[in-house]
Amino acid sequence: MTRKQRRLTLIGCAGLVLAVAVGLVLSALKDSIVFFNSPTDLVQKQIVPGTRLRIGGLVKEGTVVRGENLAVGFEVTDGSNSVPVSYQGLLPDLFREGQGIVAEGFLRPRARSRPTAVLAKHDEKYMPKEVADALKQQGHWNGEQKGGASSPVTQ
């Protein structure tokens, strides 16, 4: 082989190794790239307890129970399925029943979530596009406006 052929072979092999490495990284992260999982996603994917994840949806009406030492229990729903959540800490000022939230934390046995952070939408007209899309798929959304969706369907 000439010097030029060896150089091209080396560059080709390096490119192949790089492509395989990128493919492996993307394959390993395919479930982690999602901004949040809906309660239906948790049921369908059968996620192993101890997994770190984000759950997005609406706080189910009538499920908020406040306990001692800032403990709060509630359910997050997407209209089809609900996930019970146990949180201890300060909740955002906009947190309430029927409100869109994303809870970040760990999944515990029996599909119960133990979040380390709870994020609430910032005003009455905005909801993250991903949450709105999940609610639209379930048939629980009645409108859309620029930057997000306008309001959930109340039943």
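Index from 1, following the sequence. Predicted model, so just to flag it, every value in this text is computed and none were measured. Any value given below was found using the heavy atoms of this structure, including those in side chains, with hydrogens, waters and symmetry copies removed.
Atoms NZ and OG1, from K4 and T9 in turn, are 12.0 Å apart once rounded to the nearest 0.5 Å. To the nearest 0.5 Å, atom CZ of residue R52 and atom CG of residue L107 are 12.5 Å apart. Atoms CD and OH, from E104 and Y87 in turn, are 10.5 Å apart once rounded to the nearest 0.5 Å. The line from CG of L10 to CD of Q5 is 13.5 Å long, rounded to the nearest 0.5 Å. To the nearest 0.5 Å, atoms CG (N37) and CZ (R54) are separated by 10.5 Å. For the atom pair R7 CZ and T2 OG1, the distance stands at 9.0 Å (nearest 0.5 Å).
Minimum interatomic distance between A103 and P115 (heavy atoms only, all atoms of both residues): CB-CB, 3.9 Å. When all heavy atoms of P39 and V83 are compared, the closest pair comes out as CB-CG2, 3.6 Å.
Put simply, the side chain of S86 reaches to within 4.5 Å of the side chain of R108, judged on heavy atoms. L24 has its side chain out of reach of S27: every pair of non-hydrogen atoms, C-beta onward, lies at least 4.5 Å apart. Proximity of V59 to V76: side-chain heavy atoms (C-beta onward) are nowhere separated by under 4.5 Å. Counting only heavy atoms from C-beta outward, the side chains of S82 and K60 approach each other to under 4.5 Å. Looking at heavy atoms from C-beta onward, L53 lies out of side-chain contact with K45 at the 4.5 angstrom threshold. Two residues are said to be in side-chain contact when any heavy atoms from C-beta on lie closer than 4.5 Å; I101 and F95 meet this criterion.
In this structure, Q88 contributes its side chain and N69 its backbone to a donor-acceptor pair below 3.5 Å. Looking only at distances, a side-chain donor or acceptor of D78 sits under 3.5 Å from a matching main-chain atom of T40.
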Worksheet item: Yes or no on side-chain contact (heavy atoms from CB on, under 4.5 Å) for R66 and L91, after CA distance, side-chain angles and deciding distance?
Response: CA-CA 11 Å; R66 298 185 185 271; L91 289 168; 3.7 Å; yes
Item to complete: Verify side-chain contact (heavy atoms from CB on, under 4.5 Å) between D41 and F36, making sure each step is shown before the conclusion.
Response: CA-CA 9 Å; D41 290 340; F36 73 91; 5.8 Å; no
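Under the 4.5 Å side-chain heavy-atom criterion for grouping Ile, Leu, Val, Met, Phe, Trp and Tyr, V43 is not connected to I55 through any hydrophobic cluster.
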